[in-house]
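Since the model is a prediction, treat every value here as computed from it, not as a measurement. Note: hydrogens, waters and symmetry copies are ignored here, and every other heavy atom, side chains too, is used. Every number for a ligand or one of its atoms is a count from 1 in the order of the listing.
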Amino acid sequence: MKTLPHYLLAHLEGNERQIELNLIIADIADAGKKIAHEVQRSGLLDLHGAAGGQNVHDDEVQKLDEHSNSIMKDILSANEHIIGLASEEEEDVVDVSNGKDHGYLVAFDPLDGSSNIDINMPVGTIFSVLPSAGDIKEDFLQPAGKQVAAGYVLYGSSTVMVFSLGNGVHEFTLDPDNGEFVLTTENIKMLENTGYIAYNPYVLPNMDPKKAEAYRQLCDQTARSMRWIGAMVADVHRTLFKGGFFAYPSVGKGGNYKGKLRMQYEAKPLGWLVEQAGGKAILDDKPINDLTSSDLHQKVSVELGDAGTMRLFESFL
Ligand code: AHM
Ligand code: MG
């Protein structure tokens with residue numbers, strides 16, 4: 001049995017960022033444990049329901065979104081290697097540099113899948129870690145390939161932390177008996193041409209017709225089952241372990257199609273993880289590493305999956 005601290009020590013040996021990444025991942029794991037505790041008790045602690053307000057994306061903020069955001073901010077802002085934070089729930093970057101001119105940035109969605117909170121369904125915390133030479137706002141916009149770590153903590157039937165430090169994707173499961181994350185899957189490799197198809201078919205009439213047709217063909221030709229949890233973090237977790245296809249396309253009316261998922265907090269970290277596990281991610285119709293970010297709260301379309309299923313999907317475009 002390997003616990004997270006022991007695994008990190010060995011896994012990061014010789015890595016030039018060993019100390020920093022160790023401490024950042026340890027802090028995110030700690031925040032994940034605290035959020036897991038709150039999620040499990042949310043019905044008892046009156047943490048269900050809306051907080052009464054909207055975030056910068058015009059989403060209705062839930063009490064547990066706010067709570068999770070505070071936990072992430074409190075823990076990460078005390079880490080001396082982190083100089084900037086960006087959250088789906090914050091309008092602007094949070095400068096925690098205390099005068100330091102370089103260090104690390106962490107972008108996060110504190111609780112993805114808000115609509116699942118009140119119904120005891122999976123939700124998760126997504127994170128992306130980038131190096132920064134001091135221009136905090138600009139450095140958050142670096143391409144996906146510049147991430148030095150990314151992953152998520154998923155609060156499902158058990159709490160798992162899945163991440164990559166650029167060298168394989170690994171899963172740790174929280175042991176409720178001793179509060180330790182324990183290595184449960186090392187080097188996740190996505191299965192090919194299997195698994196589920198995941199998108200919301202009700203958006204097909206409001207998509208670019210050619211793209212919608214590719215979605216339909218993928219269903220027809222693979223004849224696989226569909227699954228849709230409604231929290232990207234949970235849908236991507238299933239896709240990592242079972243293979244398949246997950247998409248949230250650009251939708252709209254009259255040719256004005258727009259993505260919904262957030263580049264910095266959802267698409268960039270989760271797309272990168274999928275590619276690290278041998279899959280493929282397309283954001284706004286471009287391979288993930290070809291897309292540059294325009295702003296902190298940019299929204300993009302997402303199509304990702306195992307390499308075989310993605311090849312088939314792209315052959316229909
Ligand atoms: P959130 O970050 O506010 O929870 O919203 C993002 C979520 C994704 O996780 C999920 O894939 C999508 O919204 C589902 O959206 P919809 O409910 O519109 O189908
Ligand atoms: Mg989200």
Problem - L261 neighbourhood, listing ligand 1 atoms whose heavy-atom distance to it stays under 4.0 Å - result: 8 (C)
Problem - Electrostatic pair K280:E314 at N-O distance under 4.0 angstrom - result: yes
Practice task
Show which atoms of ligand 1 fall inside a sub-4.0 Å distance from at least one heavy-atom site of D109.
Solution key: 2 (O)
Problem - Those atoms of ligand 1 less than 4.0 Å from some heavy atom in M232 - result: 8 (C), 9 (O), 10 (C), 11 (O)
Practice task
Answer with side chain, backbone, both or neither: which part of Y248 has a heavy atom less than 4.0 angstrom from an atom of ligand 1?
Solution key: side chain
Handout entry: Y257 and S301 side chains, donor-acceptor separation under 3.5 Å
Key = no
Practice task
For ligand 1, find out whether one of its N or O atoms is nearer than 3.5 Å to an N or O atom of F246.
Solution key: no
Exercise for the section: Run the numbers for me: atoms of ligand 1, each under 4.0 Å from some heavy atom of G230, listed by number. Expected result: 10 (C), 14 (C)
Exercise for the section: Measure the acute angle between the ring planes of Y7 and H11, then classify it against the limits of 30° and 60° as parallel, tilted or perpendicular. Expected result: parallel
Fill in the blank from the handout: Under 4.0 Å between heavy atoms, the region of D65 that gets near ligand 1 turns out to be neither
Exercise for the section: Considering the heavy atoms of A231, write down every atom of ligand 1 situated less than 4.0 Å from one of them. Expected result: 9 (O)
Exercise for the section: Would you check, one step at a time, whether the test salt bridge (Lys or Arg N to Asp or Glu O under 4.0 Å) holds for R311 with E192? Expected result: CA-CA 10 Å; R311 263 196 308 276; E192 283 202 33; 3.3 Å; yes
Exercise for the section: Please confirm whether V233 comes within less than 3.5 Å of ligand 1 when only nitrogen or oxygen atoms on both sides are compared. Expected result: no
Completion exercise
Atoms of ligand 1 under 4.0 Å from any heavy atom of E88, numbered from 1 in the order shown, are 1 (P), 2 (O), 3 (O)
Handout entry: Proximal ligand 1 atoms for R262, defined as those under 4.0 Å from one of its heavy atoms
Key = 1 (P), 2 (O), 3 (O), 5 (O), 6 (C)
Practice task
Considering only NZ, NE, NH1 and NH2 on the basic side and carboxylate oxygens on the acidic side, decide whether E213 and R216 come within less than 4.0 Å.
Solution key: yes
Exercise for the section: Mark the output for S115 as yes if a heavy-atom distance to ligand 1 is under 4.0 Å, and as no if none is. Expected result: no
Handout entry: Plane angle bin for F163 and F172 - parallel if under 30°, tilted between 30 and 60°, otherwise perpendicular
Key = parallel
Problem - Pair F246 + W228: ring centers closer than 6.0 Å - result: yes
Handout entry: Minimum-distance pair of heavy atoms, taken over all atoms of S250 and G259
Key = OG-N, 3.4 Å
Exercise for the section: Kindly confirm or rule out an N or O of K260 lying under 3.5 angstrom from an N or O of ligand 1. Expected result: yes
Handout entry: Polar contact flag, side-chain donor to acceptor under 3.5 angstrom, R224-T309
Key = yes
Handout entry: Atom indices of ligand 1, in the order listed, that fall short of 4.0 Å to a heavy atom of E266
Key = 2 (O), 6 (C)
